[in-house]
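Single-structure report; data block below.
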There are 2 protein chains.
Amino acid sequence: MAVSEVSLVERARVTADGVTMCPQRGALEHITSRWGTLVLIALLDRSYRFGELRREIGRVSEKMLTQTLQTLERDGIVHRDAKPVIPPHVDYSLTPLGREAAEQVRALATWTAERMTAIEKAREEYDAAKG
Amino acid sequence: MAVSEVSLVERARVTADGVTMCPQRGALEHITSRWGTLVLIALLDRSYRFGELRREIGRVSEKMLTQTLQTLERDGIVHRDAKPVIPPHVDYSLTPLGREAAEQVRALATWTAERMTAIEKAREEYDAAKG
DNA sequence: CTGTATCCATTTGGATACTG
DNA sequence: CAGTATCCAAATGGATACAG
């Protein structure tokens with residue numbers, strides 16, 4: 001039995017085009033996605049407005065930030081609070097569920113930062129050995 | 001200052017085409033990549049040979065598995081042991097560094113599996129509210 | 001058996017313009 | 001301000017064939 005069916009406890013679904021997919025692979029990928037990780041880490045501090053978050057993360061297009069936030073909102077990770085004023089004012093924050101995820105993501109990011117010296121050393125050795 | 005410059009302690013580098021990149025974003029993305037997560041979780045159990053790992057993970061092309069393994073090897077996460085026999089026999093395993101990473105990834109995957117009910121409920125509500 | 005090389009489909013991502 | 005829509009470029013991923 002494959003890893004995706006054991007450790008991730010696959011509950012297979014057959015989609016329209018007959019391809020098998022498991023829903024938690026999706027959720028995990030949303031959380032660990034390129035912008036997902038940065039959004040979660042940012043929101044761990046406080047809530048952010050859309051443009052604010054965009055500046056905070058840096059170099060993310062409106063499109064990608066919108067998409068990331070919508071996906072995480074759909075998964076119940078991020079809470080969206082749109083105030084009915086003009087001009088629009090929308091606050092994004094973590095749900096309790098999201099906070100749990102974000103803390104783990106931050107732990108992984110912190111781990112990576114701490115091990116960066118070792119990782120770069122490994123890369124140099126690999127490249128030197130003409131990898 | 002942006003998230004990518006705080007929590008991930010950005011140490012900016014300017015690449016050939018003038019784009020700024022930080023090396024740990026790279027490392028983190030290798031670890032949390034689509035196939036990276038599955039490889040790490042599998043290797044947490046025991047070492048695997050190439051084809052064995054491919055069957056274990058399921059539905060991964062040779063190209064992607066090769067690429068994933070090489071990247072993780074370069075980062076010092078995965079150890080590659082090629083025995084000089086014919087036919088070739090190559091074992092992949094986790095380095096001590098890799099084991100640390102893999103355990104965190106597994107924790108995140110386990111968390112996702114445990115919260116899957118809540119996540120799917122959130123998705124249904126979101127979709128029902130015509131998201 | 002363990003890869004590499006190539007080609008092609010799909011996906012992702014960004015720039016821009018526009019709406020409520 | 002907070003998005004949506006569109007178009008296009010680039011990266012990703014898979015299938016296949018082939019090499020050591």
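In the text below, chain A, chain B and the rest are named by the order of the sequence lines, each starting its count at 1.
- Contact detail for B/A27 and A/I119: the closest heavy-atom pair is CB-CD1, 4.0 Å.
- Ion pairing between B/R74 and A/E125 fails under the 4.0 Å rule for side-chain N and carboxylate O.
- With rounding to the nearest 0.5 Å, the separation of CD1 in A/I41 from CD in A/E56 is 11.0 Å.
- Side-chain contact between B/T37 and B/I31 is absent, with no heavy-atom pair separated by less than 4.5 Å.
- Near DNA chain C, meaning a heavy atom under 4.0 Å from it, residues 67-83 of chain B has B/Q70, B/R80 in order of number.
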Give every pair of a protein N or O atom and an N or O atom of nucleotides 6-11 of chain C that lie under 3.5 Å apart, one pair per line with the distance.
none

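- B/L94 has its side chain within reach of B/L44: a pair of non-hydrogen atoms, C-beta onward, lies under 4.5 Å apart.
- Atoms CZ and CD1, on A/R55 and A/I57 in that order, are 12.0 Å from each other to the nearest 0.5 Å.
- Straight-line distance from the NE2 atom of B/H89 to the P atom of D/dG20: 22 Å, rounded to whole Å.
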Inset, instruction - Decide yes or no on side-chain contact (heavy atoms from CB on, under 4.5 Å) for B/R25 and A/L38, but give the supporting numbers first. - result: CA-CA 10 Å; B/R25 272 290 307 275; A/L38 297 180; 3.2 Å; yes
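- The existence of a salt bridge linking B/R46 and B/E52 is confirmed by a sub-4.0 Å separation between a basic side-chain nitrogen and an acidic carboxylate oxygen.
- By the 6.0 Å and 45° rule, A/R59 does not stack over the aromatic ring of A/W35.
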All N/O pairs under 3.5 Å across the protein-nucleotides 17-20 of chain C interface:
none

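- Contact check, A/R49 against D/dA2: a side-chain N or O comes under 4.0 Å of OP1 or OP2.
- In this structure, B/E29 places its CD atom 14 Å from P of D/dA11, rounding to the nearest Å.
- Between B/Y92 and C/dC1, a side-chain N or O to OP1/OP2 separation shorter than 4.0 Å is absent.
- Following rounding to the nearest Å, A/E52 (CD) and D/dA2 (P) show an atom-to-atom distance of 8 Å.
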Legend entry - salt bridge (charged side-chain N to carboxylate O under 4.0 Å, His left out) between B/R80 and B/D91, intermediate numbers included: CA-CA 6 Å; B/R80 179 177 185 274; B/D91 280 326; over 6 Å; no
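- Counting to the nearest Å, the P atom of D/dC1 and the CZ atom of A/F50 are 12 Å from each other.
- Residues B/V39 and B/L65 form a side-chain contact, since some pair of their non-hydrogen atoms from C-beta on lies under 4.5 Å apart.
- Whole-Å rounding puts the B/D91 CG to C/dC1 C1' distance at 12 Å.
- Atom-to-atom, CZ of A/R55 to P of D/dC1 comes out at 7 Å; the value is rounded to the nearest Å.
- To the nearest angstrom, P of D/dA15 lies 11 Å from CZ of B/R59.
- One can place CZ of A/R34 at 10 Å from C1' of C/dT12, the figure rounded to the nearest angstrom.
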